[in-house]
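Here's the structure, in structure tokens; my notes come after.
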Number of protein chains: 2
Amino acid sequence: MSKSNKDACPTETALDLIGGKWKGMILYYLCSDIRRFNELTRLIPGITQRMLTKQLRDLEAHGIVHRKVYPQVPPKVEYSLTKLGKTLKPVIRELEKWGQGYLKS
Amino acid sequence: MSKSNKDACPTETALDLIGGKWKGMILYYLCSDIRRFNELTRLIPGITQRMLTKQLRDLEAHGIVHRKVYPQVPPKVEYSLTKLGKTLKPVIRELEKWGQGYLKS
DNA sequence: CTGTATCCTTATTGATACTG
DNA sequence: CAGTATCAATAAGGATACAG
């Protein structure tokens, strides 16, 4: 987004970072555990490797997700929430609660 | 979105409804008050009439926003949160809080 | 296993002009 | 005031193949 009034509307800042088609689900699963690349692929039906990579890189760039590479063959990479990422948990939890309520109504 | 695992991930349901480039800000302003079309245009710099209309219609279609038309000239239309929409307040509040924290860090 | 690289399609957004 | 209509541009997403 070019330059909206983020100061006046922090809501927008947050949605910029966790919005998008897949980030919600990625964060949802990272909230409960450290996950590997392939694991996320399985947990999130329909996502392609390209999109998963892209979203994870995005989250990483914003300091929300940490990427830990084990230099071995075959490769092993673990994704987890950073300190900042963990502060998102209440947000994710609220979204989750609301989503559940909405689905029941 | 076609058919992801919304049941497994209510977070996604929520983000589907309140995500997008402008919905966060629209909801942010509707949380605190009833707003008119032109008022929202002023409050949200950069949004076009076309986009504001589209987003409001979206929110309306999902039962989050109520559109009240006063049959008069010049026209007057008021937008407000529905009962369901009001249940979003804690969610918006969490997003807002997190956004503020993020901006400060 | 964890990605890149290409190419292509679709969805979102924007600019602008116009209307009841 | 509160929108529509039209057209154009950009961004997001997807399919598939390939690589270290």
Side-chain angles (χ1 to χ4, degrees), chain A residues 1-6 9 12-13 15-27 29-30 33-62 65-80, chain B residues 1-6 9 12-13 15-27 29-30 33-62 65-80:
Chain A
M1 190 181 310
S2 44
K3 31 125 182 261
S4 56
N5 56 346
K6 290 225 177 65
C9 185
E12 203 51 25
T13 308
L15 282 176
D16 262 13
L17 300 186
I18 71 173
K21 185 165 176 180
W22 305 105
K23 292 209 184 75
M25 281 170 76
I26 294 172
L27 291 171
Y29 287 117
L30 287 181
D33 229 327
I34 294 176
R35 309 284 187 178
R36 294 184 59 178
F37 187 87
N38 235 16
E39 194 181 356
L40 288 171
T41 303
R42 281 195 311 275
L43 287 170
I44 306 175
I47 199 170
T48 59
Q49 293 180 319
R50 184 173 115 81
M51 290 315 295
L52 180 53
T53 302
K54 190 172 177 301
Q55 305 301 307
L56 285 170
R57 292 291 188 280
D58 255 33
L59 293 169
E60 197 189 350
H62 289 120
V65 159
H66 175 67
R67 178 169 178 263
K68 178 168 186 184
V69 183
Y70 294 84
Q72 61 182 46
V73 177
K76 173 176 171 181
V77 180
E78 283 180 347
Y79 292 93
S80 56
Chain B
M1 192 181 313
S2 43
K3 32 132 183 254
S4 55
N5 55 348
K6 290 225 178 66
C9 185
E12 204 50 26
T13 308
L15 282 176
D16 263 12
L17 300 185
I18 71 172
K21 184 165 177 179
W22 305 105
K23 293 208 184 78
M25 282 171 74
I26 295 173
L27 290 170
Y29 287 117
L30 288 181
D33 229 327
I34 293 175
R35 309 285 186 178
R36 296 184 58 178
F37 187 88
N38 236 15
E39 195 181 357
L40 288 171
T41 304
R42 281 194 311 274
L43 287 170
I44 307 175
I47 198 168
T48 59
Q49 292 179 318
R50 183 171 116 77
M51 290 314 296
L52 180 54
T53 303
K54 189 173 178 301
Q55 306 300 308
L56 285 169
R57 293 289 189 280
D58 256 33
L59 293 168
E60 198 190 350
H62 288 121
V65 159
H66 175 67
R67 178 169 178 263
K68 178 169 185 184
V69 182
Y70 294 84
Q72 61 183 44
V73 176
K76 174 176 172 181
V77 180
E78 284 179 348
Y79 292 93
S80 56

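Note on naming: letters A, B, ... go to the chains in the order of the sequence lines (proteins, then strands), and numbering restarts at 1 for each one.
- Residue contacts shown for Y70(B) are absent, as no nucleic acid heavy atom lies under 4.0 Å away.
- Summarising the geometry of R36(A) relative to P75(A), their closest heavy-atom pair is NH2-O, 3.7 Å, with the distance given to 0.1 Å.
- When each of R57(A) and P75(A) is assigned the nucleotide of DNA chain C bearing its nearest heavy atom, the one mapping closer to the 5' terminus is P75(A).
- The distance from atom CD1 of I47(B) to atom P of dA15(C) is 12 Å, rounded to the nearest whole Å.
- Under 3.5 Å, the side chain of R50(B) and the base of dT13(C) form at least one donor-acceptor pair of N or O atoms.
- Of the side-chain N and O atoms in R35(B), none sit less than 4.0 angstrom from OP1 or OP2 of dC1(D).
- Between K23(A) and I18(A), the closest heavy-atom pair is CB-O, 3.5 Å.
- Note that CZ of R35(A) and CD of E78(A) are 11.5 Å apart. Values are rounded to the nearest 0.5 Å.
- Counting to the nearest Å, the P atom of dG20(D) and the CZ atom of F37(A) are 17 Å from each other.
- Going from atom CD of Q72(A) over to atom P of dG3(C) covers 13 Å, rounded to whole Å.
- You'll find that the side chain of M51(A) is closest to dG14(D), out of dA2(D), dC1(C), dG14(D).
- With dG3(C), dG14(D), dA15(C) as the choices, the nucleotide that has an atom nearest any side-chain atom of V77(A) turns out to be dG3(C).
- Of all nucleotides listed (dG14(D), dC1(C), dA2(D)), dA2(D) comes nearest to the side chain of R36(B).
- Distance K21(B) NZ to dA11(D) C1': 10 Å, rounded to the nearest Å.
- The distance between atom CE of M25(A) and atom P of dG13(D), rounded to the nearest whole Å, is 13 Å.
- A straight line from CD of Q49(A) to P of dT4(C) spans 10 Å, rounded to a whole angstrom.
- Within the 4.0 angstrom heavy-atom criterion, only backbone atoms of the sugar-phosphate kind lie near Q55(A); the bases stay farther away.
- As rounded to whole Å, 13 Å separates atom P of dC1(D) from atom CG of L40(B).
- Atom P of nucleotide dG3(C) and atom CD of E60(A) are separated by 9 Å, given to the nearest angstrom.
- At least one side-chain nitrogen or oxygen of Y79(A) sits closer than 4.0 Å to the OP1 or OP2 atom of dG3(C).
- Within the model, atoms CG of D58(B) and CE of M51(B) stand 9.0 Å from one another, a figure rounded to the nearest 0.5 Å.
- Between V65(B) and I26(B), every side-chain heavy-atom pair lies at or beyond the 4.5 Å cut-off.
- Candidate nucleotides dC1(D), dG3(C), dG3(D) were compared by shortest atom distance to the side chain of R67(A), and dG3(C) ranks first.
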